[in-house]
Participant: 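Structure below; questions to follow.
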2 protein chains.
Amino acid sequence: MGPKRQPTLDEVAARAGVSRSAASRVINNARHVSQAKRDAVARAVVELGFVPNPTARALATQQVGAVVLALSHHDPALFTDPFFAQIILGVNAELEKTELELLLVLANSTQGQARLQRILKSRRADGVMLMALHGDDPLAALADQHDIPVVFGGRPLHAEPRWYVDADNRGGSRLATEHLIGLGRRHIAVITGQMDTDAGASRHRGYLDAMAVAGLDPSRVEHGEFTEAGGAAAMTRLLAAYPEVDAVVAGSDAIAAGSLRALKAHGRTVPGDVAVVGFDDLLTALHTDPQLTTVHQPVHGLGREMAKMLLSLIAGEEPHPLILPTRLVHRASA
Amino acid sequence: MGPKRQPTLDEVAARAGVSRSAASRVINNARHVSQAKRDAVARAVVELGFVPNPTARALATQQVGAVVLALSHHDPALFTDPFFAQIILGVNAELEKTELELLLVLANSTQGQARLQRILKSRRADGVMLMALHGDDPLAALADQHDIPVVFGGRPLHAEPRWYVDADNRGGSRLATEHLIGLGRRHIAVITGQMDTDAGASRHRGYLDAMAVAGLDPSRVEHGEFTEAGGAAAMTRLLAAYPEVDAVVAGSDAIAAGSLRALKAHGRTVPGDVAVVGFDDLLTALHTDPQLTTVHQPVHGLGREMAKMLLSLIAGEEPHPLILPTRLVHRASA
DNA sequence: AGGGTTATTGGAAGCGCTCCCGGGCCCTAC
DNA sequence: GTAGGGCCCGGGAGCGCTTCCAATAACCCT
């Protein structure tokens, strides 16, 4: 292995022939240092390969230099959804511009919850991004209990957090439904995700909005999980209960993919017999057959905006909640 | 917001009427404390809601209480592969048993590389897990330069790191090829992933092994990326160059999914005209049509074992490199 | 030339914790 | 009766950095 110990600021100062305070000022690019000392210190830093110890710095400044991204979900497998990967990528893109590190906390289990609690109480991070909260999620309340900035990704069901970024779920879903109506479909069903989720409930509401305006019957509804399996099962139930359906608004691309499979299994053609539109516009939407007409939400951007908002919060600013627009992407399934 | 400041150990000690040292001993469950003081401190801890400050503790003990998982890849989009999600899930499962936090570093860009460097030099973590190294990846050399445990997930191309965990890529691929041979196929092609990757090269080698034993022509080969698009393109080239192929060994499930798509586009049936076997056995393998016969590698376990190995390294032990077994999963495509 | 700023500078006091050490204490063995 | 050996216990010295402060030094204006 390499060098046994990193040089300390004292050693740098000694080598440069200045006081530790002066060296510190140079490192932090602060004022009140002569150019001569500045150069001397800079040289010593290079020669010694000095890198400031973040722990010591954190202790002195009371700033950790890290933020946490906490993903809360009851089912660990859900994390496999590329949706989360995109979120992480977005967050990371924004964080890369800074010196902040990313702490990942999977808060599904009670284990994970306790861990997040600890992180908050012990100030192990300068801020928190919290995602995917179910209605009863105890994490939602955590935000207020500690003196640490928290931004939500998506809204919890029965609370309006002070800071959040979300996609326009309701508007997007309404768009999708209107598109189906415009296509001449009249027996339009909806397969929602979990209704104890704001995304699930809001997307359902968007469907109701459009159906109401068009004066159509909005009662053909099935609930399921945000998964392919959930979608397939829901579609099968739908077909049994309402054989007349000629279109379905799916709560997510995964759900849509599942319905496609179930539809094919029951001998219905898409979009001939039944038109399907999804929600998310992840890569999955391109890999179905036929390719999915779907509502695009800027997932990567969602991650980025969460990070941005957290950064501005940490900087002491007062950002406003943000709702990102969604739009319909026309492909083959509707 | 909540309480402005967390109580310190001194305050706990004062309230319990003991010295700070004694309080510390109780917190760390060390010996040489009377039961009476133990109780007094415990009570004070609860009353004050004390949680030790990890930063201060880290500074004193020289142990950060965090490890990093670094994912290196040239293309950020690759991170979307559920493979990584599974790795993370596995790592997290093991870490949840400890007090260690997970630092996620996406080291694709030079930005990310520099960041990882900094983390290593400044000892921002107690250990590192490094994944997905291409042949020329500068990260591979990093391990030796710093006095910090590093375990590799998969092997870099031209180096045998001291500690790594990998799947039996060569053996698995050989199994897949043998299966195809057993099926009576004789014009078996291979679509590899990037050959500057150990996984890519090893899986190709497994194919060569089996073909050599059977005395078959192993020259039908195309290279691509570990993606669906790469697989589709490679399959198309394959079909043009060797129209007689009756089977293909794919370097991954994504590649296999791509070939399936290309095969269908060219009017070949699967497994009738061409049998296909994948590698990974992720959820994707279930969502293709037909479902994929594929080599299962324990991705979640890979993550878990990486974490385990790192933990044991941190504990001062000397674990051995680990190669996890792979096995063939029979489904419809071969 | 003199009073008042404004730049530099190093000393020293923390940040909140761990842990070494030496001093009591009590108990046992001779 | 006393010399050892545990056990407790608190004092205090760090861990490596930032930052306040008082002390100089350099500079401006009238």
Participant: Check whether any side-chain nitrogen or oxygen of B:N28 sits under 4.0 Å from OP1 or OP2 of C:dT18, and answer yes or no.
Facilitator: yes
Participant: Mind calculating the distance between CD (A:Q62) and C1' (C:dC15) to the nearest angstrom?
Facilitator: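 Checked: the CD to C1' distance equals 6 Å.
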Participant: Does A:N92 reach the main-chain N or O of A:I88 with its side chain, forming a donor-acceptor pair under 3.5 Å?
Facilitator: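 No; zero donor-acceptor contacts below 3.5 Å.
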Participant: Given atom CZ of B:R124 and atom C1' of D:dG16, what is their separation to the nearest angstrom?
Facilitator: 14 Å
Participant: Without decimals, in angstroms, what is the distance between B:L9 CG and D:dC15 P?
Facilitator: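 Those two atoms, CG and P, are 19 Å apart.
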Participant: Can you measure A:N29 atom CG to D:dT18 atom P for me and round it to whole angstrom units?
Facilitator: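 Atom-to-atom, A:N29 to D:dT18, this comes out as 12 Å.
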Participant: Just by modelled atom types, is the B:T8 backbone N or O under 3.5 Å from a matching donor or acceptor in the B:E11 side chain?
Facilitator: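 Flag set: sc B:E11 to bb B:T8 pair under 3.5 Å.
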Participant: How far apart are the closest heavy atoms of B:V51 and A:S122, and which atoms are they?
Facilitator: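 For B:V51 versus A:S122, the nearest heavy atoms are CG1-CB, 3.6 Å.
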Participant: Are any side-chain N or O atoms of A:T197 and backbone N or O atoms of A:A199, one a donor and one an acceptor, separated by less than 3.5 Å?
Facilitator: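 Answer holds: no.
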Participant: I want to check one thing: is the phosphate of D:dT18, taken as OP1 and OP2, less than 4.0 Å away from some side-chain N or O of A:S24?
Facilitator: yes
Participant: What is the distance, rounded to the nearest whole Å, between atom CG of A:L59 and atom C1' of D:dT18?
Facilitator: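 For the pair A:L59 CG and D:dT18 C1', the rounded distance is 10 Å.
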Participant: Report yes or no: does B:D81 contribute a side-chain atom to a donor-acceptor pair with the main-chain N or O of B:F83 at less than 3.5 Å?
Facilitator: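 Indeed, once roles are kept as given, a pair shorter than 3.5 Å links the two residues.
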Participant: For residues B:L311 and B:T98, determine if any side-chain heavy atom of one lies less than 4.5 Å from a side-chain heavy atom of the other.
Facilitator: yes
Participant: Which part of the nucleic acid, if any, lies within contact of A:T8, taking any heavy atom under 4.0 Å across all strands shown: a base, the sugar-phosphate backbone alone, or nothing?
Facilitator: sugar-phosphate
Participant: Do any N or O atoms of the protein come closer than 3.5 Å to N or O atoms of nucleotides 9-12 of chain C, and which pairs are they?
Facilitator:
from, atom 1, to, atom 2, distance (Å)
C:dT9, OP1, A:S34, OG, 3.2
C:dT9, OP2, A:S34, N, 2.9
C:dT9, OP2, A:S34, OG, 3.2
C:dG10, OP1, A:K37, NZ, 3.0
C:dG10, OP2, A:S19, N, 3.2
C:dG10, OP2, A:S19, OG, 3.1
C:dG10, N7, A:R25, NH2, 3.3
C:dG10, O6, A:R25, NH2, 2.7
C:dG11, N7, A:S21, OG, 3.3
C:dG11, O6, A:S21, OG, 3.0

Participant: B:Q6 has an atom CD; how far is it from atom P of C:dC15, in whole Å?
Facilitator: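 It works out to 16 Å between those atoms.
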Participant: To the nearest Å, how far apart are B:R123 CZ and D:dC15 P?
Facilitator: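 After rounding, the gap between these two atoms is 16 Å.
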Participant: Whole angstrom is fine here: how far is it from CZ in B:R38 over to C1' in D:dC9?
Facilitator: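 Nearest whole value for this atom pair: 13 Å.
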Participant: Under the 3.5 angstrom rule, does the side chain of A:D126 hit a backbone N or O of A:V67 as a donor-acceptor pair?
Facilitator: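 Absent.
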